[in-house]
Amino acid sequence: MERIRCVDVVVVGAGFAGLYMLHRLRCLGLTVQAYEAGDDVGGVWYWNRYPGARCDVESMQYSYSFDEDLQQEWRWTERYASQPELLAYAGHVADRFDLRRDIKFATRVRSARFLETKALWEMVTAAGDVLHARFCIMATGCLSSARIPRLPGMERFRGRSFHTGGWPHEPVSFEGERVGVIGTGSSGIQAIPLIAREAANLFVFQRTPNFSVPAQNWPMPEEYERSWKRDYPALRRRAREASTSGSLTDPGQHKVHDIPPQEREQLFEARWKKGGVYFLHAFTDLLLDEASNKEAADFVRRKIRSIVKDAAVADLLTPTDHAIGAKRICVDTDYYDTFNRPNVTLVDLRSDPIEEVTVTGLRTTRKEYALDAIVYATGYDAMTGALLNMEIIGRGGLTLQDKWQDGPRSYLGMMVAGFPNLFTITGPGSPSVLSNMIFSIEQHVEWIGDCLGYLEQNRLSTIEAEAAAEEEWVEHVNAVADRTLYPKAASWYTGANVPGKPRVFMPYVGGVVAYRRKCDKVAAAGYSGFTLARAEVAETSMA
Ligand code: FAD
Ligand code: NAP
């Protein structure tokens, strides 16, 4: 019988998390096998090739900080990098650190089972290949499990259908076509202005309007780039030590109502002109106080009305059902202005829901729309989807599906009681999607790397979250969230976008500084809240 190959660590996913994890593990002298479902590295930026896809955290900050040479040599051409540039960057990192040789591409992991008697994880791929590893690190992404709603009749549509998160690699032209976009979250809001420029007619099918602020994207000013590169380590340190999100956002110092109305307006205006997520950092209490939040929301509502010429369309585009920022704020280029174009029609699905997809388009209660293409910008089964798509089985046959049937539970968002030696990078219960994700990825990768180094040094072979520590952390995550406006919105942060998904606020809202402090304290105390043990059986080079 063929012997099953065994490595120290298996990493699932080769986005920014998987790439850096692989590099870090190699530096520790460990043997690693990474698996990636896509044909190449890049994760989100490999899959999301839709028109307009770009980051909304500034490129100078949405990039790795772990290697000074890397951050000095790479040149971003725009304030917010576009998807092709982000993908090229991921490719550059893979080449620079020679990472591809340990990644098996086009390989989806189907299951991961902890073999208790051997203290090994058994990984099985969709093709049936089996691998054993002492440690399993899930770098599977918070927004990698695309969600396409099941609309009646979808399979009979004769035109082309796309999901933003699974865009073809070859160029897609909508020239002269009738196109329908379903969904007006960040992805739809980025794609709509560009599709509108190409298509003969664009129909935007909107169920819920979102708040969007202009990116104010621009070609990278040389002096701006130089100012960052001159001082990169210090600026990164400042983001680490003095920001809530892992980005320097020039946070305001006042509560909204500490400032007279006229000054307040000026401040919002300045932030609007500055562009991007900076808007939400104008004051200290925007996500804490409903009255303060309303001031910011009203400012954006007025902006929408001032940009969109048709008052009825402006009304439909104006969000009224949630606090600004409580759902992920969208960042756009020309989104609202796009609705002034004669070839763009907004269809309000609240008053006129989709009944079915037909052979030639979409039919709502009131009307039939003939379409050549449908773009589903319908989002993700966020934070838990990619993990629960696999069968992950821990101690005593416990599946992650069962463990998380009432919502995700995890210690520090990194480990789950009952699942020894299994780590989740940017897992639920960590700042993850409420932060600059590359920043949070680096923090997790380094913490996990240090943890494995510690185990090796101390000749320990398993680490497992204790149930009591996990319970306490989950309670803390909920308590902190409940002090904010976040859980009140029906967002993907709470699982509300997926029918039947338990409603739990998943990310940790306490800020990256407090979070890092907690993680560091846990490590300094010899990994308090974790059980560390020496197993009798160990087959790999680390033992
Ligand atoms: P991903 O990039 O999602 O990579 C995970 C990889 O795991 C994927 O390639 C996937 O194929 C693979 N995988 C999953 N399951 C399996 C399996 N079972 N077997 C094998 N492989 C598997 N964050 C920000 O901070 N700023 C931004 O501006 C920003 N913009 C975004 C724009 C879009 C369109 C999206 C969708 C997300 C954005 N994000 C942004 C969030 C984004 O998720 C992170 O910034 C970051 O790219 C995540 O990296 P990752 O490696 O953790 O996950
Ligand atoms: P999303 O925010 O979840 O938006 C999905 C959209 O699809 C919503 O408008 C939703 O409407 C709609 N929708 C879903 N199912 C529908 C149905 N059955 N019928 C009609 N409409 C339906 O997803 P996303 O836009 O892909 O963004 C997800 C996250 O990825 C973002 O929040 C952000 O974190 C990240 N992202 C970032 C950027 C960036 O700017 N850098 C770009 C893209 C994505 P309802 O609200 O009514 O459910």
Side-chain angles (χ1 to χ4, degrees), residues 11-21 34-38 40-48 50 52-59 61-62 80-81 83 86 90 104-112 123 125-126 138-151 163-165 181-191 205-210 212 215 245-247 276-277 319 321-322 327-332 349-350 353-354 376-382 385-387 389-390 425-426 432-441 444 490-493 496-499:
V11 175
V12 187
F16 285 130
L19 287 178
Y20 182 34
M21 193 72 245
Y35 289 116
E36 167 54 56
D40 202 353
V41 299
V44 150
W45 307 106
Y46 169 89
W47 296 107
N48 283 263
Y50 63 84
R54 63 176 69 247
C55 57
D56 61 3
V57 170
E58 286 192 4
S59 322
Q61 307 200 56
Y62 186 71
Y80 300 102
Q83 173 273 330
L86 286 154
K104 244 188 176 166
F105 292 106
T107 304
R108 186 167 283 283
V109 170
R110 192 179 64 205
S111 67
M123 313 298 292
T125 70
M138 293 299 181
T140 45
C142 294
L143 294 159
S144 59
S145 177
R147 232 199 104 247
I148 304 186
R150 266 193 224 111
L151 301 175
H163 187 280
T164 48
V181 174
I182 304 176
T184 51
S186 300
S187 303
I189 280 176
Q190 283 188 329
F205 295 91
Q206 172 191 271
R207 193 163 63 186
T208 316
N210 269 303
S212 189
S245 66
S247 299
V277 292
D321 72 332
H322 64 278
K327 281 180 161 188
R328 176 63 144 73
I329 194 158
C330 302
V331 175
D332 73 273
L349 297 181
R350 291 267 172 218
I354 295 172
Y376 292 91
T378 44
Y380 296 87
D381 183 353
L387 293 167
N389 283 344
M390 288 172 280
I425 300 181
T426 63
S432 58
V433 292
L434 295 178
S435 66
N436 169 354
M437 284 286 281
I438 299 191
F439 173 95
S440 284
I441 283 169
H444 270 189
S491 69
W492 59 256
Y493 293 145
N497 65 326
V498 179

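All values below come from the heavy atoms of this structure, side chains included, with hydrogens, waters and symmetry mates left out. Just so it is clear, the structure is predicted and the values come from calculations on it, not from any experiment. One is the number of the first residue; the rest follow in order along the sequence. Counting starts at 1 for both ligands and their atoms, in listed order.
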Could you point out which residue of C55, C142, S245 forms a side chain to side chain contact (heavy atoms under 4.5 Å, CB included) with M437?
-> C142
Please tell me if the side chains of D56 and R328 come closer than 4.5 Å, counting only heavy atoms from C-beta onward.
-> yes
How about H163 and T378: do any of their side-chain heavy atoms sit closer than 4.5 Å?
-> yes
The protein residues that pass the under-4.0 Å heavy-atom test against ligand 2 are Y50, R54, C55, D56, L143, R147, P149, I182, G183, T184, G185, S186, S187, Q190, R207, T208, K327, R328, L349, R350, A377, T378, G379, Y380, W492
Check the pair T125 / K104 against side chain to side chain contact (heavy atoms under 4.5 Å, CB included), numbers first and verdict last.
-> CA-CA 10 Å; T125 70; K104 244 188 176 166; over 6 Å; no
Mind checking whether V57 and F439 have side chains closer than 4.5 Å, heavy atoms only?
-> no
Go through the steps to decide whether I182 and I354 satisfy the test side chain to side chain contact (heavy atoms under 4.5 Å, CB included), and finish with yes or no.
-> CA-CA 10 Å; I182 304 176; I354 295 172; 3.9 Å; yes
How would you list, by chain and number, the residues with a heavy atom under 4.0 angstrom from ligand 1?
-> V12, G13, G15, F16, A17, Y35, E36, A37, G43, V44, W45, W47, N48, Y50, C55, D56, V57, Y62, T107, R108, V109, A139, T140, G141, L143, S144, Y380, M390, S435, N436, M437, I441
Do L151 and Y376 come within less than 4.5 Å of each other through their side chains, counting heavy atoms only?
-> yes
Y20 side chain reached by I438 side chain, heavy atoms, under 4.5 Å = no
Measure the shortest side-chain to side-chain distance between Q206 and V181 over non-hydrogen atoms and say whether it is less than 4.5 angstrom.
-> no
